[in-house]
Amino acid sequence: MAEEKELRYDPATIEPKWQERWAADPTLYAAEPASCGKPKYYVLEMLPYPSGQLHMGHVRNYSIGDALARHMWMRGYNVLHPMGWDAFGLPAENAALKNNTPPREWTLGNIAAMKRQMQRLGLGYDWATEVTTCLPEYYRWNQWFFLRMYEKGLVYRKQSKVNWCPECATVLANEQVVDGRCWRHDDTIVEQRDLEQWFFRITAYAQELLDGLEQLEGWPEKVRTMQRNWIGRSEGTEVDFTVEGSGEKIRVFTTRVDTIFGATSVQLAPEHPLIASFAALDAELKARVDQLIEEQKKAKEAGDIGTIEKHGVPTGRYALNPYNGERVPVWVANYILMDYGTGAIMSVPGHDERDFEFATKYGIAIRRVIAPADPAAEEPALPFTSEDGVLVNSGAYNGLSCAVAEKKLQDEAVKEGFGQATVTFRLKDWGVSRQRYWGTPIPMIHCERDGLVPVPDDQLPVILPAQIEITQQGGSPLGRVPDFVHVTCPRCGGPARRETDTMDTFVDSSWYFYRYTDAGNASAPFNPATAQYWFPIDQYIGGVEHAILHLIYSRFWTKVMRDLGLITNDEPARRLFTQGMVIKDGAKMSKSKGNVVSPDDMVARYGADATRMYALFAAPPDRDLDWQEDGVAGVSRFLGRVWRLVTKYAPVARAAQAAPADSQTGTALLRKLHQTTAKITQDFEGRWHFNTCVAAIMELVNEMQAADAQLAAGEVPAPVVKELLRTLVLLLAPFAPYLAAELWEQLGEEDAILRAPWPVSNPELARENELEIPVQINGKLVTVVRVAADADQKRIEAVALADEKVQARSAGKSIAKVIVVPRKLVNLVVK
RNA sequence: GCGAAAGUGGCGGAAUUGGCAGACGCACCAGACUUAGGAUCUGGCGGGGAAACCCAUGAGGGUUCGAGUCCCUCCUUUCGCACCA
């Protein structure tokens with residue numbers, strides 16, 4: 001029978017139907033101009049790398065963002081919900097090598113495939129604002145920004161030790177090295193190489209990046225802490241020790257200058273420049289230092305720097321402590337890092353654990369110079385690292401507290417010219433050069449006569465040549481394209497060579513979300529007025545794995561753009577949400593583990609709605625989610641129940657007109673409906689526990705189903721049925737947009753459900769008029785009594801005491817105390 | 001080693017401020033309908049006990065009329081940091 005067939009929920013027919021309708025209505029998900037008068041809301045999910053396949057992590061990320069966007073649309077906001085492609089990067093080159101497909105073709109093909117997947121999922125993006133970072137229309141602005149930053153001294157070139165990933169055959173920024181390994185290749189140890197590289201002076205913003213974290217209250221504390229640690233600000237003092245004989249200065253950095261009278265040696269990093277002059281005269285020393293360098297390098301590469309045993313070699317030289325002229329030996333030690341502070345320390349074994357370990361091993365003097373603040377206290381064992389103490393054995397500074405002494409010692413250093421207070425950051429400048437093809441060409445020219453010459457703005461973009469042979473040989477692939485390399489100098493017109501490094505792909509993602517606000521702009525990266533309207537992003541959603549990388553680079557970029565006068569906001573995003581991972585069988589999904597679940601499979605078997613809704617239902621969004629296919633089937637069954645319920649009573653609702661009348665079943669259902677509405681609305685505003693939102697809708701549907709007999713008998717007034725069904729569908733719309741759209745239509749609605757106002761809970765209707773109050777005796781549950789919702793303490797107590805079970809349990813005993821919590825519980829303390 | 005988060009049925013999870021532990025879903029069991037069911041519907045489902053009841057939120061203590069929730073000690077897991085002077 002045709003009618004029976006119609007009662008089946010079939011996502012395979014309704015989802016493509018609506019996908020087509022939505023595609024035909026470009027205004028549906030489009031942001032409106034500022035003049036629309038609605039409050040704006042910018043919801044953004046991190047843009048994907050176009051690998052060619054969405055994975056479940058994407059599905060989860062986008063399901064969260066899409067639910068929020070749809071909710072905000074229904075709340076009447078002007079919503080910007082864009083999507084784009086982080087389209088430069090190494091996999092395209094690897095694919096080119098493997099399949100002989102040009103990177104551009106491969107990438108654009110993947111984008112098309114993933115876009116189809118997104119559309120199949122029913123994600124509501126404004127594709128008119130789509131951004132693809134590998135297209136010249138986009139990357140020319142990377143070049144433009146590079147030049148502006150160059151003009152401001154925020155871009156420079158220097159020879160330095162860099163992280164080299166042999167797998168990527170290019171350098172990596174510090175942020176892209178995790179435990180000595182490449183962030184993309186867990187099993188590839190990063191080597192140190194000496195290369196001339198381009199850097200962004202992110203350290204110029206170190207303090208501001210740190211201070212700004214305080215204001216980012218809408219960011220997870222975890223991310224803020226990670227950034228704080230990464231920036232690694234530390235206050236201290238730099239002091240010069242003078243090398244005896246030569247007069248050379250060794251500048252040390254210390255956070256504990258108050259302990260300087262306890263310095264019994266000076267320790268240099270193996271790569272300290274001064275060692276060269278020592279070693280020139282001493283071949284044996286040179287050999288031993290080289291060995292230390294080698295060891296340190298290996299430890300760094302293996303990621304266990306920090307755990308290797310401390311050792312070092314004496315240089316045979318001595319240095320003089322500028323405060324008291326004391327002569328101390330100069331050593332080279334493997335635990336001193338050249339790239340932190342000054343690469344040299346004063347070693348105070350009495351008050352530093354590392355120095356203590358080292359001094360004990362080599363028999364270097366250990367001296368106590370700090371005593372506990374409390375003179376009655378027992379002398380603590382060394383090393384005593386507390387800063388709560390007073391100086392001893394410290395000449396004129398004896399008796400001062402550590403804090404006061406530090407200040408006085410710094411003043412003295414300034415006065416005498418051998419040092420000063422300083423602030424050191426762990427954050428290093430961002431190395432952006434990559435010796436790769438598939439990235440933004442760096443817009444600089446090397447002229448024999450004029451040196452470094454920026455490409456003039458009117459010659460932008462520097463186009464990445466299309467015809468290129470990707471090979472595995474080292475060096476920048478662009479260097480092998482003569483047409484690209486050989487240019488005339490824009491300044492003198494003479495022969496010159498174009499820079500062949502390309503930019504780190506994190507440059508692309510540092511500002512892409514500004515481009516969304518004005519994606520078609522051909523004369524500027526974006527219109528400042530439009531950006532000012534939309535920024536900051538109201539809600540940014542992505543994985544926590546970018547806590548240091550993308551999220552610190554994009555904060556930096558925002559500050560640079562602000563200082564260029566392009567924007568007025570200090571931070572890119574007001575709120576950040578980091579969703580948990582999707583795991584299966586207790587492990588992160590990965591090809592090597594063979595536990596990957598394909599979104600396409602899920603969509604084909606259960607539909608996009610069930611797949612998305614399961615992603616929201618299976619766990620709160622901030623926690624890891626265990627993918628269980630049976631769970632998707634369960635959600636799919638639930639959607640089927642909704643389908644049958646709504647289609648069954650849609651004719652009643654369509655015919656209904658008058659205002660709700662009184663009906664016992666009707667009011668109970670209405671109460672549940674309004675309670676559910678309130679719960680979900682509240683969750684969107686704060687908690688984001690979409691798993692319990694879905695559960696709440698399930699409860700509502702269960703109750704409606706339980707009332708099926710009354711509904712079928714027409715005992716529930718038609719207007720009530722109408723409100724029940726309409727609101728149910730509206731509540732479902734952010735989570736299961738296809739089904740909601742279909743049922744909305746079946747309810748006789750003509751306009752898109754997305755344009756319908758979000759339901760408002762009426763507290764009057766939501767209120768319970770009778771409550772079940774648990775009654776305890778000595779904290780143990782005895783019974784539950786029913787009382788009117790507005791019953792006062794006395795009334796509740798009376799009802800509880802009158803209860804049979806309570807009477808039986810308390811018979812013959814005295815009631816010492818009665819605790820009544822209105823609307824909650826009664827507890828009798830009985831002896 | 002330091003820091004953070006977490007630990008609740010067979011499983012995913014719920015319990016928003018200290019107030020009925022286990023909502024909702026999965027799996028499982030029983031039943032109904034059915035030519036059939038991986039469809040649908042009904043009921044059951046933490047452990048012990050015939051029952052009344054008792055026990056139970058990683059372990060042990062504490063505060064409280066009352067603790068999954070607060071405090072202390074410990075265990076386990078995950079994540080982040082890890083010679084940063």
Side-chain angles (χ1 to χ4, degrees), chain A residues 7-8 178-179 220-223 225-226 228-230 232-234 236-237 252-256 259 267 269 296 299 303-310 333-337 339-348 352-355 357-358 424-426 544-545 547-548 580-581 583 586 614 617-620 622-635 637-638 640-641 644 679 682-683 686-687 689 691-699 701-702 705-706 708 772-784 808 816-821 823-830:
Chain A
L7 283 176
R8 259 197 68 200
V178 181
D179 290 337
E221 195 49 53
K222 181 183 163 103
V223 173
T225 304
M226 284 168 74
R228 231 174 258 128
N229 292 341
W230 187 258
R233 182 184 200 270
S234 111
T237 313
V252 304
F253 173 72
T254 178
T255 54
R256 291 298 304 276
T259 66
Q267 302 286 344
Q296 214 182 34
D304 39 59
I305 197 143
T307 53
I308 53 171
E309 198 189 336
K310 293 175 185 38
N334 67 342
Y335 71 101
I336 310 302
L337 307 172
D339 56 10
Y340 185 78
T342 59
I345 64 151
M346 61 176 202
S347 176
V348 185
D352 181 282
E353 281 176 24
R354 297 152 300 178
D355 295 345
E357 192 186 326
F358 190 87
T424 297
F425 292 95
R426 203 182 84 118
V544 74
E545 64 273 15
I548 307 295
M581 285 189 309
I583 58 177
Y614 175 73
F617 176 62
D622 55 327
R623 292 245 292 260
D624 284 352
L625 181 156
D626 191 45
W627 194 272
Q628 297 183 1
E629 193 171 327
D630 285 338
V632 188
V635 170
R637 277 198 290 271
F638 164 71
R641 288 209 301 278
R644 284 190 298 276
K679 189 250 178 306
Q682 219 176 347
D683 249 300
R687 257 184 11 143
H689 279 197
N691 55 328
T692 60
C693 290
V694 174
I697 297 174
M698 288 174 170
E699 282 186 52
V701 170
N702 288 348
Q705 231 179 336
D708 187 62
E772 292 192 333
I773 305 282
V775 181
Q776 301 178 333
I777 289 181
N778 295 337
K780 294 203 168 153
L781 182 71
V782 171
T783 188
V784 174
K817 197 173 172 187
V818 180
I819 291 134
V820 179
V821 184
R823 302 181 65 85
K824 289 281 186 197
L825 127 165
V826 176
N827 189 15
L828 307 174
V829 185
V830 169

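The chains referred to below are lettered A, B, ... by the order of the sequence lines, with proteins before strands, and numbering in each begins at 1.
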With a cut-off of less than 4.0 Å, is there a side-chain N or O of [X] near OP1 or OP2 of [N]?
{"X": "Thr225(A)", "N": "G3(B)", "answer": "no"}
{"X": "Arg228(A)", "N": "A4(B)", "answer": "no"}
{"X": "Arg426(A)", "N": "A82(B)", "answer": "yes"}
{"X": "Asn691(A)", "N": "A23(B)", "answer": "no"}
{"X": "Arg637(A)", "N": "A27(B)", "answer": "yes"}
{"X": "Lys780(A)", "N": "C55(B)", "answer": "yes"}
{"X": "Gln705(A)", "N": "C41(B)", "answer": "yes"}

- Task: Quickly work out the Tyr335(A) OH to C83(B) P distance and round it to whole Å.
- Result: 13 Å
- Query: Can you tell me how far C1' of C83(B) sits from CG of Leu337(A), to the nearest Å?
  - Reply: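 Answer to the nearest Å: 7 Å.
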- Message: Syn if the chi torsion is within 90° of 0, anti otherwise; quick check, which is G46(B)?
- Response: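 That one's anti.
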- Query: Between the side-chain atoms of Asp630(A) and the base atoms of C26(B), is any donor-acceptor pair under 3.5 Å?
  - Reply: no
- Query: Asp683(A) or Gln628(A): which one's nearest nucleotide on RNA chain B is closer to the 5' end?
  - Reply: Gln628(A)
- Message: Which label fits Tyr340(A) and Phe253(A): parallel for a plane angle under 30°, tilted from 30 to 60°, or perpendicular past 60°?
- Response: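 Ring orientation of Tyr340(A) relative to Phe253(A): perpendicular.
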